[in-house]
Structure formats: structure tokens, C-alpha cells
Amino acid sequence: MSLNTNKKTEIVVRQYDEEKDKLAVEELEGQCDFGQRGQPSLFTDLMGDPISRIRNLPLHVMLVAEYGNNGEIVGVIRGCIKTVTRGNRGSTPCPVYVKIAYILGLRVSSHHRRLGIGTKLVENLEEWSKINGAKYAYMATDSNNEASIKLFISKCNYAKFRTPSVLVQPVHAHYKPVASDIAIVRVSPQLSESFYRRIFANSEFFPKDIDHILDNKLNFGTFMAVPKKTLLNWDPKSGCFPQTFAILSVWNTKEVYKLQVRGVSSLKYACCLGTRVLDSWMPWLRVPSIPNLFKMFGFYLLYGIHMEGKDGPRLMKSLYAFAHNMGRNDKECRLLVSEVGFDDPIKEAIPRWNKFSWGDLWCMKKLDVNELLSMDDDNWMESQVSNSSSVIFVDPRDF
């Protein structure tokens with residue numbers, strides 16, 4: 001990849017060199033907390049591996065921006081390329097796939113803002129994506145992150161595309177009950193792949209390499225909740241769906257990075273700690289306690305979330321109780337996190353705390369606007385309003 005130099009501001013963008021750049025990148029990352037000024041912020045610890053968030057994708061890159069004669073690293077960006085479904089195509093019976101780039105982990109030193117560094121990093125990553133065959137690029141950010149939205153929309157010509165919801169549930173000190181008439185069945189990776197390819201064929205962003213995700217060591221498994229009476233007439237190995245069920249998979253993000261909430265007042269800290277102590281001492285009260293988010297912690301990402309049948313919502317709540325209890329048995333897991341489409345009906349069945357949850361914004365750009373479109377490759381961007389699916393598959397490797 002050729003270097004991109006801006007002589008006026010002395011900015012050079014190049015690929016990350018682990019041996020040469022690791023310490024400088026870690027120092028830069030350590031200066032970047034997420035949050036509004038004067039409010040609590042969220043710090044991310046990549047645990048000594050700056051490319052940990054993209055390492056599980058087969059085609060990925062990390063770029064760094066150098067500034068000045070001494071080559072100080074003042075910015076970083078990460079990206080990956082994958083093949084995903086692009087949503088319902090009406091009468092088309094088979095899923096339609098497209099190669100897409102995902103941009104994440106953009107950081108610019110607070111001492112070097114307004115120099116065009118962020119724009120240069122995005123432009124270079126887009127060029128790398130085009131060289132590697134990506135038709136589109138997209139990014140995700142908190143819908144309140146004005147600086148990021150302004151950069152991508154105003155300066156880099158991205159468009160607002162989808163507005164999924166990130167739903168967060170704390171892991172309490174007590175166990176959550178699973179109804180006695182509901183069975184939780186573990187589904188093999190091979191069967192999970194078959195189920196998911198059928199369930200999400202008409203969704204957006206479903207990855208073609210779902211088998212690699214389900215076989216990944218970070219995947220704790222796929223689980224299905226069904227009425228116990230269903231087990232009398234349904235064999236999970238048959239490949240057929242029961243009449244009513246709920247299904248999801250559990251991804252262990254705490255082996256990729258950890259988080260820490262900073263800047264909380266002493267009063268709030270004491271209140272949170274008090275709920276936890278009470279919940280630990282008297283678990284039978286089932287106090288909705290707040291876990292210790294003020295030390296490094298991890299979370300489980302629940303993905304591949306789907307339900308069918310009249311008992312679907314009830315089964316889904318039991319499945320989340322099961323996942324909660326998995327987290328309860330893991331000392332480092334403090335939260336369960338899910339992300340679903342804004343209009344996805346399953347949203348109402350997912351337990352969460354609204355105070356901990358937020359709206360996400362996904363922005364997208366067609367990388368080569370001059371390229372002629374084939375009959376099977378019309379502009380995905382034009383489906384923003386019409387012909388779009390309410391179901392978005394969230395790839396756990398992106399989170």
C-alpha cells in the first residue's frame with residue numbers, strides 16, 4: 001500500500017507495524033475515553049493487543065497516522081472486509097450477498113484535532129477496501145456522538161443508513177429463574193449454521209462465513225428455548241424447527257477487550273455498591289443490583305436472536321434468564337448486551353435496562369459511485385426507506 005503524505009500538515013498514513021508501533025498505539029488508546037465532557041466516560045482496554053477487535057475476521061487492517069518530522073503516531077483506524085446479505089429482495093428466493101468493509105476504532109490524539117487526520121485515515125482505509133473488492137463501507141457509532149457523525153457524513157460523504165438499538169441488561173448477584181415448563185437445548189454449531197442460514201436469509205448484514213463465527217473459541221454456544229412438552233415430538237437433530245421456540249448465541253467479548261466506567265461521583269459509586277451488597281447478602285429478594293462497572297469488566301454479546309410461535313416472547317425471556325445465569329457464574333461478566341434493528345419485533349421481548357441502553361447509528365457509503373451496476377447489484381443505499389428488512393444480523397466480531 002502506497003504512503004499518503006500531506007506535506008502541509010506532515011501527515012503520513014501507513015499500515016500498523018506491531019513491533020514498531022505497539023507501545024505508541026497503546027499510549028494513544030489510553031488517552032481516549034468515550035463520553036460527553038463532564039459526564040462519566042467509558043474506557044476500553046485492548047489488553048495488549050491493538051488489533052484484537054479485528055483479529056477474528058479473515059481480511060483486516062489497521063492504519064496509523066504519523067505527524068511531524070519525528071513520526072509521532074497521532075491517529076489510528078481499523079477495518080475489515082466480509083461478505084454479508086443485503087436484505088430482502090422481494091421475489092428473490094435466495095439471499096443476495098455483497099462484499100462490504102466495516103470501519104471501527106478511529107482514534108485521533110486530542111492534541112492533534114482539526115488537522116484532517118481523521119479524514120485521511122478514513123480515505124486511506126476506503127482505498128484499501130476498494131483494492132480488496134468491497135462495494136460498500138459502513139461504520140457504527142452512538143447516535144449522540146456528534147463529532148464522529150459530522151466527520152463521516154459531512155466530510156467523508158457517508159449517509160445515515162440504519163438506527164439499531166443496543167440493549168443492555170446488568171448481571172445481578174442473584175440467579176434468574178427459568179420456568180419449569182421450559183427446556184433450554186444446546187444446539188451444535190453445524191445445526192446452528194443450518195438454522196441461522198434459513199432464519200436470516202432475508203435479513204441485512206448476515207455474514208456468509210457464519211460457520212467460522214459459530215466454530216470460534218469466543219462463541220460459548222447456541223441455545224434454543226422450547227416448551228418441555230415439545231421434546232416429546234421434536235428431535236433437535238432433525239433440522240426441523242419446533243412450532244414455537246426462541247434461539248440465540250453467546251459471544252465472549254471479555255477475551256477481546258475489557259471496559260471500565262470512569263468519572264462517576266462518590267455518591268453514585270456508593271449507591272451502586274450498596275445494591276450489590278444487598279443482592280449478594282439476600283439473593284432471595286432478587287434486588288435489581290448494579291454490578292461493579294468501575295473496575296475492568298467484560299460482557300457477553302447475545303446475537304442471532306430470533307423467536308417464533310405464540311410462546312416466543314416468553315421463551316425468549318427464559319433464554320435471557322439462562323444467559324444471565326451463565327454470566328452470573330463468570331466473575332468477569334457484568335453485562336449482557338444485544339443489538340437489534342430499530343423496528344425488529346423481537347426488541348420488545350428482550351430484557352434490558354433503558355438507562356444502560358442506547359440508540360446506535362450505522363452510516364454507509366458506496367465506495368465506487370462511478371461503477372456500473374449489474375442487474376443483481378442495484379444500489380443497497382436506495383433501500384434505506386423502501387424494501388428494507390427490519391431484521392439486522394449483528395456480527396459479534398464487529399462489536
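Residues: numbered from 1 along the sequence shown. Just so you know, these numbers come straight off a predicted model, no measurement behind them.
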Salt bridge between [X] and [Y], side-chain N to carboxylate O under 4.0 Å?
X    : Y    : answer
R86  : E204 : no
D311 : K317 : no
E66  : K120 : no
E255 : K217 : no
K82  : D398 : yes
K130 : D368 : no

Sequence-distant partners of F322, ring pair (Phe, Tyr, Trp, His ring centres under 6.0 Å), two or more places apart: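 Once residues adjacent in sequence are excluded, the partners of F322 under the ring pair (Phe, Tyr, Trp, His ring centres under 6.0 Å) criterion are F223.
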Just jot down the side-chain contact (heavy atoms from CB on, under 4.5 Å) partners of [X], sequence neighbours excluded, or say none.
X    : answer
Q190 : S188
N325 : Y175, K176
K228 : A183

Interatomic spacing from NE2 in H174 to CZ in R286 - rounded to 0.5 Å: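 It is 7.0 Å, given to the nearest 0.5 Å.
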Salt bridge (charged side-chain N to carboxylate O under 4.0 Å, His left out) partners for D209, two or more places apart: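 With sequence neighbours excluded, D209 shows a salt bridge (charged side-chain N to carboxylate O under 4.0 Å, His left out) to R397, given in chain and number order.
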Those residues that, when tested against D45, pass salt bridge (charged side-chain N to carboxylate O under 4.0 Å, His left out) (two or more places apart):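 D45 satisfies salt bridge (charged side-chain N to carboxylate O under 4.0 Å, His left out) with no residue once adjacent residues are dropped.
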From F161, F152, W362, Y158, residue fulfilling ring pair (Phe, Tyr, Trp, His ring centres under 6.0 Å) relative to Y138: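 Filter result, single survivor: W362.
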Could you check whether any side-chain heavy atom of [X] comes within less than 4.5 Å of a side-chain heavy atom of [Y], counting everything from C-beta outward?
X    : Y    : result
L302 : V337 : no
I392 : F206 : no
I199 : F241 : yes
D181 : P227 : no
P288 : H172 : yes
F356 : P170 : yes
R276 : P291 : yes
K347 : S165 : yes

Has the side chain of [X] got a donor or acceptor atom that lies under 3.5 Å from a matching backbone atom of [Y]?
X    : Y    : result
W358 : N144 : no
T253 : F299 : yes
Q260 : F294 : yes
K160 : M364 : no
S238 : D235 : yes
N132 : W128 : yes
R162 : L361 : no
R328 : A173 : yes
T85  : G87  : no
R14  : V12  : no

Side chain to side chain donor-acceptor pair (under 3.5 Å) partner of S192, the single match among D215, T222, N219: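 The option that passes is T222.
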F393 ring center near F200 ring center (under 6.0 Å):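 Yes - the distance between ring centres of F393 and F200 falls below the 6.0 Å cut-off.
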Sub-6.0 Å ring centroid separation between Y136 and W380: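 When the ring centroids of Y136 and W380 are compared, they turn out to be within the sub-6.0 Å range.
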Atom CD of E146 with >12 non-hydrogen neighbours under 6.0 angstrom: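 No.
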Enclosure of R198 CZ (heavy-atom neighbours >12, cutoff 6.0 Å):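 Enclosed.
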V171-L301 co-clustered via ILVMFWY side chain contacts under 4.5 Å: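 Unlinked, V171 and L301 end up in two clusters.
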ILVMFWY network linking F220 to V256, side-chain heavy atoms under 4.5 angstrom: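 Per the 4.5 Å side-chain linkage, F220 and V256 are not co-clustered.
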Result of checking V187, L315, I184 against M224 for side-chain contact (heavy atoms from CB on, under 4.5 Å):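 Answer to the side-chain contact (heavy atoms from CB on, under 4.5 Å) test with M224 among V187, L315, I184: V187.
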Qualifying residue for side-chain contact (heavy atoms from CB on, under 4.5 Å) with M62, from I77, I51, L125: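 Result for side-chain contact (heavy atoms from CB on, under 4.5 Å) with M62: I51.
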